[in-house]
Amino acid sequence: MAKNKNCKEKKLAILTSGGDSSGMNACIRAAVRYAMGKGYEVYGVRHGYVGLINDDIFEMKYSSVSNCVHTGGTILRTGRTSEFKKPEVLQAAINNLTKRDIHNLIVIGGDGSFRGVEDIHQNSDVNVIGIPGTIDNDMGYTDYTIGFDTACNTVLDAMLKLRDTITSHDRIMILEVMGRACGDIALYTSVAGGAEYVILPEAPVDVDAIAASVKKGFDKGKTSTIIVLAEGRNDLKEELMEKVKASTGRTVNHIALSYIQRGGTPSMSDRVLASRMAVRAVELIECGQSGRAVGVRGGDLIDMNVIEALNYPKKFDNQLYEIAQKISK
Ligand code: ADP
């Protein structure tokens with residue numbers, strides 16, 4: 001919602017918070033440059049809300065974002081702190097902005113970071129906008145978050161390499177991918193990478209049936225099998241390894257790609273998405289809007305109330321899951 005405040009101050013701060021994701025720098029770059037073009041003084045906050053609390057705020061120049069569009073991580077660094085939830089800490093952090101006459105803030109991060117957006121929105125006259133930056137793609141109000149596409153491409157690259165070695169040894173690989181409670185990275189990469197099985201938090205799992213099916217596949221002449229296991233179901237890892245080994249009599253390897261999925265040069269899609277979202281965020285700031293989250297739906301940019309965005313249910317793509325099951329094995 002628009003705040004009834006004097007929007008004459010052309011000062012804007014930007015921070016990245018929570019888990020880093022590839023494309024955050026493209027987002028920072030676009031926001032800095034677009035805002036400068038609109039006449040804003042732009043400030044960077046280091047280490048997310050930690051820097052807001054510690055007054056680690058610096059003025060950015062046009063050149064501060066030179067040569068970063070292709071880089072992973074975040075040039076502003078990121079951080080996590082539970083301190084920000086304390087009302088007195090929140091107020092002190094907000095004061096660090098307002099004492100510089102900064103009344104506009106863009107936060108790039110995931111759902112935890114968006115709760116901070118709402119806290120600032122409710123407790124200050126700072127106009128604050130959230131941009132979804134997380135590899136997990138676990139925010140239901142937006143089709144995609146910045147970093148998801150790059151993380152999937154990293155998984156696909158690993159899958160290709162793993163396929164070479166397991167085919168050479170007639171083995172089975174359980175490839176564990178990130179995503180917290182969301183199975184999107186697992187689902188999309190299993191389809192795009194030709195994995196034989198995918199195990200997700202959103203769908204029922206029958207480990208015995210998978211073990212029997214893997215054996216059948218080898219009996220029919222398969223030379224390798226990849227089972228993509230979403231982080232949200234890694235409780236099944238041991239049982240899966242034991243049962244598949246018992247049914248096939250073959251070596252079962254497990255690899256968790258872990259933080260490798262977070263880094264690396266952002267994909268074209270992530271860079272473009274990040275740049276578009278940054279521009280929308282600056283436009284919202286320009287209109288005096290606050291407490292809004294930028295997203296993308298069906299290819300179009302959207303923005304909505306940040307609390308609505310946080311409460312928006314994440315829809316499981318059942319159709320894609322069915323496709324994964326029909327074209328694999
Ligand atoms: P992400 O934003 O990627 O989901 P986290 O869930 O770790 O990552 O949240 C990032 C950070 O957001 C937290 O460590 C904390 O510093 C900050 N934050 C600010 N306000 C809140 C809040 N009300 N609830 C939770 N996290 C908050």
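Counting from 1, the numbers follow the sequence of the chain as shown. Small disclaimer: the values here were computed from a predicted structure and weren't measured. Atoms within each ligand, like the ligands themselves, are counted from 1 in listed order.
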Show the short N or O contacts, below 3.5 Å, that ligand 1 makes with protein N or O atoms; if there are none, say 'none'.
| unit_1 | atom_1 | unit_2 | atom_2 | d |
| --- | --- | --- | --- | --- |
| ligand 1 | 2 (O) | Gly110 | N | 2.9 |
| ligand 1 | 2 (O) | Gly110 | O | 3.4 |
| ligand 1 | 2 (O) | Ser113 | N | 2.9 |
| ligand 1 | 2 (O) | Ser113 | OG | 2.5 |
| ligand 1 | 3 (O) | Gly19 | N | 3.4 |
| ligand 1 | 4 (O) | Asp111 | N | 3.2 |
| ligand 1 | 4 (O) | Asp111 | OD1 | 2.9 |
| ligand 1 | 4 (O) | Gly112 | N | 3.1 |
| ligand 1 | 4 (O) | Arg180 | NH2 | 3.3 |
| ligand 1 | 7 (O) | Arg80 | NE | 2.5 |
| ligand 1 | 14 (O) | Thr81 | N | 3.1 |
| ligand 1 | 16 (O) | Thr81 | N | 2.9 |
| ligand 1 | 16 (O) | Thr81 | O | 2.6 |
| ligand 1 | 20 (N) | Gly116 | N | 3.4 |
| ligand 1 | 23 (N) | Asp119 | OD2 | 2.9 |
| ligand 1 | 26 (N) | Gly112 | O | 3.4 |

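Salt bridge absent: Glu308 and Arg292 never bring a charged side-chain N and a carboxylate O closer than 4.0 Å. Between Arg115 and Asp111 there is no salt bridge, since no side-chain N of the basic residue sits under 4.0 Å from a carboxylate O of the acidic one.
For Arg77, the CZ atom is loosely surrounded, since the number of other residues' heavy atoms within 6.0 Å does not exceed 12. Remark: Leu301 CG is packed, more than 12 non-hydrogen atoms of other residues, nucleotides or ligands lying under 6.0 Å away.
Under the 4.5 Å side-chain criterion, counting only non-hydrogen atoms from C-beta, Thr98 is in contact with His103.
The stretch residues 177-205 participates, sequence neighbours left out, in these side chain to side chain donor-acceptor pair (under 3.5 Å) pairs: Asp136-Arg180, Asn137-Asp184, Arg163-Glu196, Asp184-Lys314, Glu196-Lys222, Tyr197-Ser213.
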